[in-house]
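Just so it is clear, the values below take in all heavy atoms, side chains as well, and ignore hydrogens, waters and symmetry mates.
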Amino acid sequence: MLHPTAPIGVLDSGIGGFSVVRQVQRLLPGEELIYFGDGAHIPYGNHSEETVVAMARYMFSFLEERGVKALLVACNTISCVLERCADAASCPVFSAVQAGAGAAARIEADKVGVISTVFTHNAQIYPRKILALSPRKKVVLSCGCPDLARLVEHSLGDPAGMALVEDNLRQELDPMVLEDGVDCCVLGCTHYPLVAGSIRKLYPGLLLIDPAEEMAQSLKACLDREGLNNPRGELGGLSIYTTGDVDEYALRARQVGLERVAGVEFYPPMELE
Ligand code: DGL
């Protein structure tokens, strides 16, 4: 039985899911949030499917044990294998890919670009879902970025690191934006909205689609529908857990502008063979 005062769980391989927490805190400030980032195993986008599924199930169990009333899979890579993990949750589960594809399908653009991890790109889940959901004909181009999530994870606020992020963005995005001329770009990895400012600076006028906004809207609609809004009438806190570096997560949470951080704690990572 789900309870309205229960927390909402958000998970990602790293700090990328902070882009989703940011939107949820804006839209649903009264909700209590628990975040789990698997800093020990990032980047997920370069792991095998079996490993991603095992690590995702580990994180689902962690959040289940804390009695969450909804679970936001703020990781596009895990969203690709959701049908293999969703049974580990007993509450509504929200997929970053479903949100991003839904938003991209609705906009009036003929040529849609998607940037994502290599795993998400290889799954071709975005092109398939966007084309299936779109009421009009579109061309969808997808590009897998092997290094971008890891660079973003460790570079926010560091000018030298951000210069590397911008070099990498140019290398990955120039062909799609300058040669293929996409009308918009889906940020198909939750780390990328954290550097949306850099992308806008490099490609002024390019419309960016951040699945985080749509995820927060879908969550709100679900809580409204199910009568699960937190009735306390107070601002909700955010508890962060990571299998990675606690101090780095605390710093990143401040840099991203997350509010009411109640604490950042270490949790042991799943052991990989
Ligand atoms: N933030 C994750 C995503 O949305 C993945 C980053 C990674 O671990 O490769 O796909």
Separation between CG of Asn76 and OG1 of Thr120, rounded to the nearest 0.5 Å
5.5 Å

Under the side-chain contact (heavy atoms from CB on, under 4.5 Å) criterion, do Glu172 and Cys143 qualify, and how do the steps go?
CA-CA 7 Å; Glu172 303 293 4; Cys143 163; 3.9 Å; yes

Which pair of heavy atoms, one from Val261 and one from Ala253, lies closest together, and at what distance?
CG2-CB, 4.3 Å

Leu251 reachable from Val165 in the ILVMFWY side-chain graph, under 4.5 Å edges
no

Clusters formed by hydrophobic residues whose side-chain heavy atoms approach within less than 4.5 Å: which one holds Val140, and what are its other members?
Val97, Ile107, Val112, Val114, Ile125, Tyr126, Ile130, Leu131, Val186, Leu207, Ile209

Under the side-chain hydrogen bond (donor to acceptor under 3.5 Å, both in side chains) rule, collect the residues that match up with Ser218, sequence neighbours excluded.
none

Which atoms form the tightest heavy-atom contact between Ala262 and Ser239, and what is the distance?
CB-OG, 4.2 Å

Closest non-hydrogen contact found for Pro159 with Gly157 is CD-O, 3.6 Å

Can you tell me if Arg128 uses its side chain to pair, donor with acceptor, with the backbone of Ala123 under 3.5 Å?
yes

Using only heavy-atom distances, determine whether the side chains of Asp38 and Thr243 contain a donor-acceptor pair under 3.5 Å.
yes

Taken in chain and number order and not counting sequence neighbours, the residues that satisfy salt bridge (charged side-chain N to carboxylate O under 4.0 Å, His left out) with Glu83 are none

Value rounded to 0.5 Å, distance of CG in Asp167 from CG in Leu202:
9.5 Å

Applying side-chain hydrogen bond (donor to acceptor under 3.5 Å, both in side chains) to Asp247 and not counting sequence neighbours gives none

Apply side-chain contact (heavy atoms from CB on, under 4.5 Å) to the pair Glu226 and Lys69, showing each step before the final yes or no.
CA-CA 11 Å; Glu226 305 293 328; Lys69 65 181 173 186; over 6 Å; no

Evaluate the side-chain proximity of Ser198 to Leu169: yes if any heavy-atom separation is below 4.5 Å, no if none is.
yes

Of the non-hydrogen atoms in Cys85 and Ala56, which two are nearest, and what is the gap between them?
SG-CB, 3.8 Å

For the residue pair His121 and Ser116, confirm or rule out a side-chain donor-acceptor distance under 3.5 Å.
no

Kindly work out whether a path of hydrophobic side-chain contacts (I/L/V/M/F/W/Y, heavy atoms less than 4.5 Å apart) joins Val10 to Phe266.
yes

Given 3.5 Å as the limit, does a donor-acceptor pair link the side chain of Tyr35 with the main chain of Gly17, or not?
yes

So how far is it from Met215 CE to Leu72 CG, rounded to the nearest 0.5 Å?
5.0 Å

Which value, rounded to the nearest 0.5 Å, describes the distance between Leu194 atom CG and Ser19 atom OG?
5.0 Å

Is any side-chain heavy atom of Arg26 less than 4.5 Å from a side-chain heavy atom of Glu213?
no

From Leu173 atom CG to Leu178 atom CG, the distance as rounded to the nearest 0.5 Å:
9.0 Å

I'd like to know whether NZ of Lys138 has more than 12 heavy-atom contacts from other residues, nucleotides or ligands below 6.0 angstrom.
yes

Applied to residues 90-106, the side-chain hydrogen bond (donor to acceptor under 3.5 Å, both in side chains) test, sequence neighbours excluded, yields Glu64-Ser90, Gln98-Lys129, Arg106-Glu214

Salt bridge (charged side-chain N to carboxylate O under 4.0 Å, His left out) against Glu32, all qualifying residues, sequence neighbours excluded
none

Leu238 and Leu235: same hydrophobic cluster, using ILVMFWY side-chain contacts below 4.5 Å?
no

Quick one, Leu33 and Gln25 - any side-chain contact, counting heavy atoms below 4.5 Å?
yes

Just jot down the salt bridge (charged side-chain N to carboxylate O under 4.0 Å, His left out) partners of Glu108, sequence neighbours excluded, or say none.
Arg136

side-chain hydrogen bond (donor to acceptor under 3.5 Å, both in side chains) involving Tyr203 - partner list, sequence neighbours excluded
Asp174

Sequence neighbours excluded, every pair satisfying salt bridge (charged side-chain N to carboxylate O under 4.0 Å, His left out) that has a member inside residues 228-241
none

What's in the same ILVMFWY side-chain cluster as Val53, cut-off under 4.5 Å, chained through other members?
Leu11, Ile34, Phe36, Tyr44, Val52, Met55, Tyr58, Met59, Phe60, Phe62, Leu63, Val68, Leu71, Val73, Ile78, Val81, Leu82, Val93, Phe119, Tyr241, Tyr267, Met270, Leu272

Presence of salt bridge, Glu259 and Arg254, under 4.0 angstrom:
no

Are the side chains of Asp12 and Thr77 in touch, meaning some heavy atoms are under 4.5 Å apart?
no

So, Arg252 side chain and His154 main chain: donor-acceptor pair closer than 3.5 Å or not?
yes

Would you sort out whether Ile15 and Ile42 count as a side-chain contact (heavy atoms from CB on, under 4.5 Å), showing the intermediate values?
CA-CA 10 Å; Ile15 62 155; Ile42 188 173; over 6 Å; no

The salt bridge (charged side-chain N to carboxylate O under 4.0 Å, His left out) partners of Arg22 (sequence neighbours excluded) come to none

Heavy-atom closest pair (Cys91 atom, Leu2 atom, distance to 0.1 Å) is CB-CD2, 3.8 Å

Between Asn230 and Ile8, is the side-chain contact (heavy atoms from CB on, under 4.5 Å) condition met? List the steps.
CA-CA 10 Å; Asn230 195 320; Ile8 290 161; over 6 Å; no

From Arg150 CZ over to Asn168 CG, what is the distance, rounded to the nearest 0.5 angstrom?
8.5 Å

Does any pair with a residue in residues 178-196 pass side-chain hydrogen bond (donor to acceptor under 3.5 Å, both in side chains), and if so which ones, sequence neighbours excluded?
Glu153-His191

Using side-chain heavy atoms (C-beta onward) and a distance below 4.5 Å, is Ser142 in contact with Gln124?
yes

Given Leu187, Leu208, Val152, Val256, the one that forms side chain to side chain contact (heavy atoms under 4.5 Å, CB included) with Pro193
Leu187

Of all heavy-atom pairs linking Pro4 and Gly227, the shortest is CG-O, 3.9 Å

Backbone N or O of Thr51 within a donor-acceptor pair of the Ser48 side chain at under 3.5 Å?
yes

